[in-house]
Amino acid sequence: MPRITLPDGSTRDFDHAVTPYEVAADIGAGLAKAALGAKIDGVLSDLNTTIEHDAQLAIITDKPRDDASRHDMLYLVRHSAAHVMAEAIQRIIPGVQLVYGPPLDTGFYYDMAVPEDRPLSSNDFELIEAEIEKIILENRPFTRVECPVAQGLDKLRAEGSKYKLDNAERAIVAGSDTLSWYVTGTPGANWEDLCRGPHVPSTGRIGAVKVLSLASSYWHGDENSDRLTRVYGTAFPSKKELDEHLELLEQARARDHRVIGKKLGLFHIDDMVGQGLILWTPKGSVVRTELQNFIAEELVKQGYTQVYTPHIGKLDLYRTSGHFPYYQESQYPPIVERESIEQLAQEGCSCAELANRLRDGEIDGYLLKPMNCPMHIRIFNSQPHSYRDLPVRLSEFGTVYRWEQSGELNGLTRVRGFTQDDAHLFCTEDQIADEMIGCLSLVTKIFRTLGMEDFRVRVGLRDPDSDKYVGDAANWDKAEQACKDAAATLGKPFSMEQGEAAFYGPKIDFVVKDVIGREWQLGTVQVDYNLPERFGLSYIGADNAAHRPVMIHRAPFGSMERFVGVLIEHFEGAFPLWLSPEQVRVLPISEKSAGYAKEVHAALAAAGLRTTLDDSNDRIQARIRVAAEEKIPYMAVVGPRDAEARTVSVRARGVQKDLGALPLVEFVKGLSMERDDRGEFTLKESMVPEAAGAG
RNA sequence: GCCGCCGUAGCUCAGUGGUAGAGCACACCCUUGGUAAGGGUGAGGUCAUGGGUUCAAGUCCCAUCGGCGGCUCCA
């Protein structure tokens with residue numbers, strides 16, 4: 001007879017098989033009432049699952065006490081909500097066939113095949129939500145019905161639901177010996193869905209559901225298979241939590257770098273220029289330039305040298321590196337010389353033939369560079385090297401072009417032309433570890449300066465069962481160990497992922513978490529044995545013999561485009577002084593102070609500060625509002641009193657009041673220091689200590 | 001690339017087959033105001049582009065271009 005062990009270690013003995021609900025009721029009526037499901041020996045289960053043997057049991061309630069049980073609770077609620085939404089949609093559109101409806105971290109979706117003559121549209125959302133609301137109010141129980149495999153398959157065949165039949169067949173292949181349905185209500189009388197569960201006890205326990213968006217998907221994710229309609233939604237046990245979540249979505253939208261970028265005029269993407277090609281406006285260019293300068297300063301400290309390379313190079317270069325034609329589909333097509341084209345035309349070469357001959361290397365041309373490394377390699381190779389020269393560290397803010405699929409393009413974070421903070425290190429095996437550590441310290445320094453302390457590293461290792469990797473096993477072992485050792489020096493946890501290595505070497509990736517918890521994959525450090533081989537690189541060792549160097553590719557911030565995009569979202573457009581396109585705005589109270597305002601403006605400009613003078617014909621309130629909306633860090637308001645005393649009245653971003661008057665020279669000095677230290681609001685904090693961090 | 005939705009003034013967006021709209025921004029005038037919107041006047045449009053249906057198209061249909069959300073992809 002079962003002995004139930006609860007999370008606190010206490011046990012309860014029963015002389016008969018019990019359900020989690022009964023155990024909960026045995027503990028207390030309140031718990032039973034709050035219960036939504038259970039974890040039996042670590043397996044998330046229905047509340048009325050029969051427990052016949054000794055088991056560990058945790059009751060999942062609608063008021064979870066820790067993250068793990070909150071995750072489980074939301075899983076139950078959302079999985080159940082997916083069913084209710086599917087039922088609602090089938091009520092509205094009877095011909096809809098169900099495919100697959102799992103919960104997600106932030107909600108759930110349901111894939112369905114919708115009749116062509118009655119597509120779903122977002123106009124249907126209100127209707128669907130109203131229908132969901134009805135089903136929730138009816139508070140029908142989720143009833144599990146199990147049946148033997150053969151009988152279940154017959155039932156699905158009889159219903160003609162090919163997708164569910166496929167799901168069932170997959171479940172059987174995976175080892176299921178029964179099939180289960182969940183009925184919302186009474187079997188035979190109410191709506192049902194093939195599902196392994198578990199679910200909340202009844203539809204009334206779902207709380208609040210919101211239908212969010214429509215998308216399309218493919219059956220099994222295969223683009224040659226059936227196209228399905230995916231309906232996204234989210235659910236919470238209460239309306240309050242749902243509203244809070246929707247509020248968070250709003251906030252994320254307000255933080256979107258595309259929205260802020262447009263509002264603050266940081267960058268522009270122009271139809272006439274091309275998709276995924278960024279035009280950096282004057283303001284955005286300031287942010288990028290300041291960032292590049294900062295990174296470049298650190299690189300000099302680390303012994304890097306800077307190079308410049310052209311935007312195009314001969315196809316042969318990329319044939320040697322292997323980028324062409326191997327990654328051809330993600331490159332802009334080659335540029336072929338006019339004479340070659342004319343000659344081919346005379347020969348009557350067809351387009352198809354041209355494509356083939358290009359691919360096969362029979363026609364010369366140029367490629368818009370998809371990678372900087374081949375050119376850096378040729379720089380390395382332009383001179384003989386001694387082991388005494390190594391490591392050679394060639395860095396470049398190198399612009400590359402890749403043909404990303406049009407559906408993938410997204411603001412600054414996924415583009416077709418971008419500038420990597422790229423560098424290639426040519427070193428000996430023994431130097432790999434130190435070079436990796438150098439890369440990590442650069443990343444740490446820059447993230448810390450930007451207040452992005454929350455980042456993690458991911459070490460990508462080879463898949464031991466695969467033979468796709470180049471280089472010998474001993475080298476791989478050493479390189480992987482170097483990556484792990486380097487990651488360990490950070491003193492924070494890092495993950496190791498097998499099979500995530502590039503085919504030419506292991507790597508370390510950097511993933512930052514922004515202020516609202518989203519993760520962004522930025523840069524990467526990769527060890528490469530392949531390219532030195534392909535280009536026949538060598539250095540002369542202490543033994544006076546030629547040796548093959550190892551290459552490290554590193555772009556710790558990925559691309560300037562993506563990095564600035566992430567920064568825009570991180571700061572919500574409110575950049576620290578040193579990055580701000582406009583650092584301080586001078587605001588005369590009225591025309592009477594225009595002369596002094598010009599003086600203030602000139603003094604700030606002379607100190608190299610980016611400043612403007614707003615002497616437009618508006619009241620001071622209106623001009624302050626405009627400057628605040630533009631997220632300018634400091635305002636210098638000047639009136640007759642300031643002109644008299646040679647002061648400025650300081651107002652700082654994030655503080656809804658005048659911070660008081662400061663002598664002009666002090667103001668210039670304070671701003672200059674804050675800028676040079678790349679600090680955040682050190683001047684503001686010196687004026688109002690209690691406002692520290694309020695910005 | 002695929003599916004769905006969308007494209008109206010610089011921006012945000014209304015617009016029911018029948019005369020093209022609002023707010024903000026912009027220009028000019030009045031106002032000279034000490035810390036988050038003072039008032040007035042005005043200019044601004046090939047309703048993404050090209051076809052079609054119709055007496056009549058911003059509105060309906062088709063194609064193209066572009067955006068968004070997903071799917072797939074990401075050296």
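Convention: sequence-line order gives letters A, B, ...; per-chain numbering from 1.
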- Taking N and O atoms by type only, does the side chain of Arg414(A) place a donor or acceptor under 3.5 Å from a partner on the base of C74(B)? yes

Quiz item: For atom C1', what is the distance between G69(B) and A75(B), given to the nearest Å?
Solution: 27 Å

Picking from A36(B), G34(B), U32(B), the nucleotide nearest the side-chain atoms of Arg625(A) would be A36(B)

Under 3.5 Å donor-acceptor pair, Ser213(A) side-chain atoms to G70(B) base atoms: no

Quiz item: Base, sugar-phosphate alone, or nothing: which one does Tyr109(A) contact when heavy atoms must sit under 4.0 Å apart?
Solution: nothing

| request: Using a strict 4.0 Å threshold on nitrogen-to-oxygen distance, state whether Lys162(A) and Asp166(A) make a salt bridge. | output: no

So what does Asn410(A) hit on the nucleic acid, given a heavy-atom distance under 4.0 Å: a base, only sugar-phosphate, or nothing?
sugar-phosphate

Task: Sugar-phosphate, base or nothing in reach of Lys262(A), heavy atoms under 4.0 Å - done: sugar-phosphate

Taken to the nearest whole Å, CG/Leu264(A) to C1'/G10(B) is 16 Å

Checking G34(B), C71(B), A75(B) against the side chain of Tyr232(A) (C-beta onward), the nearest is C71(B)

Practice item. For the pair Glu404(A) and Arg416(A), find out whether any cationic side-chain nitrogen is under 4.0 Å from an anionic carboxylate oxygen. Key: no

Check your understanding: Is Glu630(A) paired with Arg585(A) through a side-chain N to carboxylate O contact shorter than 4.0 Å?
Key -> yes

Whole-Å distance, Ile624(A) CD1 to G34(B) C1', equals 8 Å

Gln331(A) has its side chain closest, among G34(B), A75(B), A36(B), to A75(B)

From CG of Leu367(A) across to C1' of A75(B) the rounded distance in Å is 13 Å

Atom pairs under 3.5 Å, N or O on each side, protein against nucleotides 38-42 of chain B: can you list them with distances?
residue, atom, partner, partner atom, Å
G38(B), OP2, Arg619(A), NH1, 3.2
G38(B), O4', Arg619(A), NH1, 3.3

> Tyr318(A) and Tyr366(A): aromatic ring centres closer than 6.0 Å?
Replying inline: no

From CE of Met112(A) across to P of C71(B) the rounded distance in Å is 16 Å

RNA chain B in dot-bracket form (Watson-Crick or G-U pairs under 3.5 Å, [ ] crossing, | inter-strand) is (((((((..((((....[..)))).(((((.......))))).....(((((..]....))))))))))))....

Atom CZ of Arg230(A) and atom C1' of G70(B) are separated, to the nearest Å, by 7 Å

Taking A56(B) as the reference, what is the distance to G15(B) when you measure between their P atoms (whole Å, please)? 26 Å

Integer angstrom distance from the P of A22(B) to that of A9(B): 14 Å

Here the distance between atom P of G70(B) and atom CG of Leu228(A), to the nearest Å, is 17 Å

Mind checking if Ser649(A) touches a base, just sugar-phosphate, or nothing, with heavy atoms under 4.0 Å? base

Close N or O pairs between protein and nucleotides 65-67 of chain B (under 3.5 Å):
residue, atom, partner, partner atom, Å
G66(B), OP1, Gln275(A), OE1, 3.4
G66(B), O2', Asp271(A), OD1, 3.1
G67(B), OP2, Gln275(A), NE2, 2.4

From CZ of Arg562(A) across to P of C74(B) the rounded distance in Å is 14 Å

Result for side chain to side chain donor-acceptor pair (under 3.5 Å) between Thr309(A) and one of His376(A), Glu396(A), Arg378(A) points to Glu396(A)

